[in-house]
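Everything below concerns the one structure shown next.
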Amino acid sequence: MTGWLALSPLLAQKPPDTAPAVPAIQREDIPKGEVLVQLCEQGLPTKNAWPDTSPQPTETLREDVFGFFELPFRYVDSGVRADRTFPFLFRASASVTLPAGKHRILLRGRGAARLYIDEKLLLNTPFPTGDGSGHGTVRTPESYLNLGPEFRFAPPGNREAWTHFETKGGEHVVVLETIVGSYLGTNKRRPELGETVVAVSFAGSESWQLLSPSKRVVPYTDPGWAAYEAERLAHLEKVNTAARAAKRAEHSVYWDRRREAARAWLASTPEEKVPALPAGFPANNAIDHFIAARVVQVREQSSGAEKGAVDYFKQVQPLLDAKCYGCHTGGKAKGSLRLDDRVSALAGGKTDGAAVVPGKPGESALLVRVKSNGADAMPPKGDLLGAEQIRSLETWIKEGARWPDLNAEDTTFTPLADDLTFLRRVTLDTVGLVPTLEEIRAFLADKSADRRKRVIDRLLADARWADHWMGYWQDVLAENPNILNPTLNNTGPFRWWLYESFQDNKPWDLVVTELLRMRGSGKFGGPAGFGIASQNDAPMAMKGTVVAAAFLGVEMKCARCHDAPAHVSTQRELFQLAAMLGTKPQKVPATSSVPLDKIHEGGRKPLISVTLKPGSEVEPAWPFARLVPEELGKQLAEYADDSRDRLAALITVPQNERFAQVMVNRVWQRLMGRGLVEPVEDWERGKPTHPELLRWLGREFVRSGYDLKHITRLILNSHAYQRAVDPALKETPVLFTAPARRRLTAEQIVDSLFGATGTPFRLEEVSLDVDGARDLNNSITLGKPRRSWMLTSTSNERDRPSLSLPRIQQVVDVLQAFGWRGARQDPLTVRESTPNVMQPAILQNGAVGVWLTRLSDDHGVTQLALSARSVDDLLENLYLKVLTRKPTEKERATYSAYLSTGFDTRFRTPQLKAAGTRKPEPYITWSNQHDTRASLIRIEQEAAARRGDPPTDRLDPDWRSRLEDVLWVLVNSSEVVFSP
Amino acid sequence: LLGTHLARAAEDAKSQAKSVIILWMAGGPSQLETFDPKPGTNIAAGSLARDTAVKGVQLANGFEQLADQMQHIALVRSLWSQEGDHERGTYTLKTGYRPEPTLVRPSLGAVVCHALPGEGVEIPRHISILPAQWPARGGFLGAEFDAFKVYDPAEKVPDVTPQVPPDRFAERLKDLEVVEAAFASGRGNRVSATGHKDTMERARRLMSSDQLKAFDVSRESGALRKEYGETPFGRGCLAARRLLEVGVRCVEVTLEGWDTHAKNHELVKQQVNVLDPAFAALLRDLKSRDTLKNTVVVCMGEFGRTPVMNALGGRDHWPHNFTAAIAGGGLRGGTVVGESDPEGGKMPKDRVPVANLHATILKALGIEWDKQLRSPTGQRVVRSEGKPIDTILR
């Protein structure tokens with residue numbers, strides 16, 4: 001068996017019997033000083049076995065050392081994340097120079113692995129075993145391989161082997177092969193490398209390092225690996241970003257054509273003229289012109305007609321709301337009579353003619369009907385109007401039926417918010433966090449006139465921009481991955497594709513197109529994951545409701561089972577949309593329909609009509625001809641014969657003005673606290689308060705190439721956005737005269753608190769299968785979380801403490817108290833934000849509250865306290881970090897007294913930590929959940945999580961606890977929960 | 001507190017049930033080894049039964065204490081659901097509706113709290129003790145109707161107990177006022193409208209409420225605690241009784257561990273050892289305080305278990321017919337509704353849809369069970385689409 005390495009790959013056959021196929025690698029292929037990584041996706045057996053013939057590479061990469069845990073992602077189409085074919089063979093080869101001596105060599109990997117040095121098989125590890133059940137045992141600390149004082153213990157799910165290797169010194173060809181992904185019966189396990197490494201401990205040394213063909217030395221210790229991992233992840237992110245860009249460039253011809261078509265459309269349609277700024281109004285940009293012009297308009301409406309005895313908003317509108325609006329608003333108004341606005345009311349309905357004739361109560365059908373005692377009396381159900389109420393209506397009509405379209409009591413603007421308030425608001429609104437001390441200082445040091453504009457530009461270029469948008473779109477698109485067995489409406493974790501889309505600031509016509517194509521990876525983060533809806537009998541109908549609400553502001557939820565009483569969308573329309581998404585006719589499932597006899601039971605008049613029989617098949621068709629004609633889809637889609645592509649084109653082409661307007665309205669609502677149309681996801685129920693501004697912004701969106709950052713930049717720079725809040729407001733007024741305080745999102749609150757206090761966001765991996773023992777249909781991992789949006793539901797369908805994630809659970813409890821959803825079975829645009837008692841309670845007393853306010857060794861405020869020059873300095877920095885403002889005089893006085901005592905003598909010499917024996921951290925996962933020790937360990941971990949880390953011993957305990965009190969007050973102040 | 005007592009007294013005068021305790025058997029208890037034994041049949045697989053205080057009504061072996069309370073209990077032995085999955089089944093039994101993709105229904109306790117407002121109650125009126133995976137929720141009624149979760153009453157109530165000594169906490173709150181003052185002031189010195197202050201106030205009221213003592217079962221005599229059983233579930237039942245006395249409307253107490261896919265007989269026996277003393281002591285205790293008539297106690301899980309045993313000596317999920325036990329609230333005790341098939345067939349006599357159980361409980365509470373409500377999206381929905389089981393209502 002000598003000399004195989006020099007042979008051609010053709011001859012690299014498996015020797016008879018048990019000897020495995022030798023790697024098809026030739027010495028001259030191996031680059032000097034680098035590790036050649038080859039991935040072979042073809043020619044692998046469909047069971048847990050090595051291939052008979054060494055397979056040919058389908059992809060090659062270069063690495064520095066023999067340490068592997070993640071590969072660059074594969075991207076397809078315009079740059080969406082996809083899966084490799086797996087199991088695949090991973091081969092790493094290098095020419096390594098070793099000193100003379102007898103060294104120790106360690107091989108570790110999640111999949112079966114084998115290591116050749118020169119021509120010999122030196123080490124190998126077996127294929128993963130286990131049946132996917134939870135009856136494994138929790139490993140005892142003693143069972144771990146421990147080969148030295150700083151030896152890194154095997155992480156979960158890795159198999160390992162080691163041996164001595166003796167050399168006279170010199171170059172050796174090292175080849176590592178491992179099979180990534182394995183079979184569990186006919187199912188597959190996740191294709192993960194785990195920690196695939198070759199490490200060496202040289203003769204005479206106790207320490208370990210990753211085997212390296214170059215001068216690069218990576219200590220194979222816990223800190224050594226952590227640093228290496230961080231460095232490689234940053235590198236991989238660059239590689240991935242470049243790969244996506246390259247893929248996107250492949251489709252630039254088509255997308256350039258779309259841009260050209262959009263420009264042509266803009267040129268062929270009238271521009272929305274920016275109104276002149278009325279005298280006396282402040283303006284930073286065009287937005288303020290629109291806002292001011294509208295205020296002037298409303299003022300004129302209110303003062304134009306002489307004030308009558310009846311106030312529309314106090315006496316008339318509530319009446320209409322209570323007695324008429326149930327039936328007489330929106331596209332499906334009874335008798336075609338709409339009472340939404342003055343024009344409709346004057347026009348009247350089918351039977352009676354004008355509902356309101358200004359000045360003539362006798363001719364106004366509205367009044368005739370409410371006064372009637374006969375069969376035509378209105379309202380038909382419930383209490384009739386009282387005499388007082390009728391008199392109000394009568395007087396109101398007599399006085400000319402003054403009907404202002406906006407209720408605007410106060411039309412004066414608040415001034416600009418001060419600089420620090422602005423900085424806090426804009427930072428929260430762009431990157432989802434409060435500004436750091438460095439950011440605050442840099443901003444305060446900037447004396448230029450356009451410093452606000454500059455800070456906006458800086459924040460829009462910040463990578464954390466992507467983090468801040470995640471939770472919002474996870475809600476809107478009902479991203480709902482489950483880390484354990486599928487439940488209702490689970491999707492794949494397409495969060496990763498979404499995140500990359502924000503990182504790349506993809507144009508949104510492209511984002512929608514990629515989403516609707518549902519290609520790429522289903523289980524590991526591509527948009528194909530959006531196409532999944534587990535346990536749903538009409539998954540594409542469910543996706544149809546998501547898409548219609550998200551991008552068109554059309555609410556179709558009810559249409560799933562019947563034609564909605566309050567909405568124009570029919571069941572047929574939804575199933576047409578579903579069929580476009582499903583690329584084939586869709587059947588109406590029996591369970592998705594309201595059985596007819598049930599409606600008729602008891603003689604109650606049905607409120608709903610069912611026009612499609614269960615079982616009927618509906619062909620793909622564009623149901624929204626009212627927005628844009630169907631032919632455009634064929635003309636503008638990249639692949640016109642694919643109904644998904646046609647649908648994507650129909651939604652995103654500029655001719656469909658609704659899409660651009662829905663998108664800008666979403667951004668507007670998020671930043672301004674109120675949409676220009678409300679509800680944001682259901683335009684049938686509302687109408688624009690500023691139609692011209694909406695149209696102008698929509699065209700700006702198209703003009704910018706569907707760039708959300710452009711729209712955000714416009715809004716953030718406006719005076720309207722930068723105005724001081726009016727704390728007396730419950731909600732932002734329709735004229736945007738002053739912002740109301742917005743309740744921050746759960747993610748903003750949690751991430752900001754961790755960030756501002758410098759509390760480490762140290763949580764478990766988001767997985768209940770950390771060793772990768774289960775099949776991938778039943779368990780996934782969402783990795784180590786860095787921000788709140790990366791978490792998901794911790795529900796585990798069983799009642800075992802062993803299947804809990806104690807530290808994640810603590811954070812999830814806080815997030816949920818503030819309206820975050822772990823499971824997102826349905827889409828949602830605006831979260832519950834009503835205050836509840838758990839919010840203050842959980843922050844004041846819960847475990848996360850303890851973590852945030854306990855000054856442990858690695859807590860950010862501990863550092864601040866140690867380096868503070870004076871009490872004033874400390875207080876000021878603390879206030880800036882947590883509240884982005886300086887303490888008031890009163891606050892300064894209160895806390896200075898508190899912290900001055902003992903400030904100068906606060907330092908303590910830390911105790912030397914007893915060396916102790918290192919022990920591997922036990923891990924609990926699906927595969928060992930039934931072990932009685934698993935529950936005990938988890939219960940202890942949970943108790944530890946609740947206790948929090950011990951306080952630092954570098955500060956005087958008494959003084960420290962007083963500082964903790966101050967920190968506690970800041971963390972629990974209302975300012976932490978609301979936008980400034 | 002006086003107000004509450006007066007309110008209670010007024011309610012008592014009407015002699016109608018005003019609150020609910022749900023003993024939630026998470027996992028799906030085997031009806032054959034609990035409330036619907038079939039001794040001597042094939043499907044019993046050797047399980048035995050015992051007579052009770054009510055002639056002709058038997059309970060499974062092991063319910064020594066509950067058997068003596070049978071005169072207070074009505075058994076619905078033909079309960080019918082269509083959901084054999086834990087999550088979906090739990091939703092169905094807790095809300096009275098099957099899961100729908102478009103609307104989340106409120107759990108029974110939320111419906112009750114919504115229909116029967118309460119005055120002077122400083123602590124949450126809907127409470128889940130030892131919550132399992134899917135505690136009772138407010139659904140479309142809103143998160144404010146979600147059950148407030150608490151764990152073993154032997155421990156402290158979660159997150160309402162300050163982490164520092166009372167005087168230091170008081171100091172913290174005082175200091176917080178200073179910072180809050182900066183937050184509240186604004187344009188024209190108008191008051192902040194965020195509602196957060198009110199919430200903080202309610203949280204503070206909760207934290208400082210005397211009614212929190214209701215969670216503290218150590219205030220009961222050792223003898224009584226022993227009667228309930230020195231288990232988390234037993235303590236939960238005792239806490240439930242105490243909570244109702246301060247005005248709480250609905251308490252759910254969960255006993256987990258009924259998912260007996262293997263070794264059914266052995267595992268159920270352990271469960272019954274916990275359930276029997278707690279359930280029986282609760283009924284005795286309520287009776288002796290003369291509040292049983294004002295309290296509906298219902299014991300149920302998400303489904304029953306297969307009459308035919310599997311090869312592991314276990315029973316699997318069986319939603320086709322299973323049993324709920326209801327007591328108190330003026331309901332007719334000692335009665336049995338429906339009859340399951342002794343051969344283990346799917347079709348019982350007088351099948352009772354889950355919704356009917358809900359309608360029955362709502363009616364016993366004097367709540368208009370078929371009243372139409374509006375969901376936030378304007379959908380018209382009824383509290384329960386079931387029909388009350390008149391034979392057990394008085």
Side-chain angles (χ1 to χ4, degrees), chain A residues 326 414 487-489 536 542 545 555 557-558 560-561 566 592 607 724-730 738 740-741 743 795-799 813 819 825-826 832 834-842 844-846 849-850 883 888 890-891 894-895 898 961 965-966 968-970 972-975 977-978, chain B residues 26-27 85-88 99-104 124 132-134 142-144 146 148 158-164 168-169 171-173 175-176 178-188 190-200 202-207 256-257 259 377-380:
Chain A
T414 45
T487 57
L488 180 67
N489 284 349
N536 193 314
M542 192 269 167
T545 62
E555 183 55 79
K557 241 183 230 170
C558 307
R560 157 131 184 199
C561 309
S592 262
L607 285 163
V725 293
D726 179 348
L729 293 172
K730 262 203 161 60
R741 280 186 176 129
R743 232 286 306 285
S795 91
N796 61 46
E797 91 171 357
R798 315 226 158 180
D799 46 16
D813 286 347
Q825 293 178 345
D826 317 294
E832 172 92 63
T834 44
N836 69 63
V837 291
M838 281 318 291
Q839 291 162 357
I842 202 163
Q844 288 180 8
N845 310 313
V850 172
L883 304 180
T888 62
K890 187 160 182 215
E891 288 166 338
T894 311
Y895 301 125
Y898 213 49
S961 68
D965 286 348
V966 176
W968 183 93
V969 165
L970 298 191
N972 285 292
S973 68
S974 298
E975 281 169 75
V977 179
F978 291 92
Chain B
D85 165 84
H86 288 290
E87 183 173 7
R88 296 176 66 89
E100 299 140 283
T102 54
L103 185 68
V104 181
Q133 188 88 50
W134 303 286
E144 55 179 304
D146 283 353
F148 181 82
D159 298 329
V160 300
T161 317
Q163 299 277 350
V164 293
R168 190 170 157 201
F169 190 70
E171 190 64 34
R172 281 181 168 188
L173 286 176
D175 290 344
L176 187 54
V178 178
V179 182
E180 289 306 294
F183 180 74
S185 63
R187 177 149 92 159
R190 289 194 278 175
V191 184
S192 171
T194 54
H196 194 68
K197 197 169 159 53
D198 174 58
T199 311
M200 303 237 298
R202 277 198 294 143
R204 191 181 312 180
R205 217 158 56 218
L206 163 69
M207 286 184 262
E256 295 186 84
D259 197 13
T377 57
Q379 219 172 325
R380 290 182 175 84

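Chain naming here is simple, since letters A, B, ... match the order of the sequence lines and numbering starts at 1 in each.
- Looking at Ser961(A), both its backbone and its side chain come within 4.5 Å of chain B, counting heavy atoms on both sides.
- Of all the listed residues (Leu173(B), Val164(B), Leu176(B)), the one sharing the greatest number of non-hydrogen pairs under 4.5 Å with chain A is Leu176(B).
- Here the side chain of Thr414(A) pairs no donor or acceptor atom with the backbone of Ala738(A) at under 3.5 angstrom.
- Note that CG of Leu488(A) is 8.0 Å distant from CE of Met542(A), once rounded to the nearest 0.5 Å.
- Rounded to the nearest 0.5 Å, atoms CZ (Phe169(B)) and CD (Gln163(B)) are 9.5 Å apart.
- Between chain B and the residues Lys890(A), Glu891(A), Glu555(A), the largest count of heavy-atom pairs under 4.5 Å involves Glu891(A).
- For the salt bridge (charged side-chain N to carboxylate O under 4.0 Å, His left out) test, residues two or more places apart in sequence or in another chain that qualify with Asp965(A) are Arg168(B), Arg172(B).
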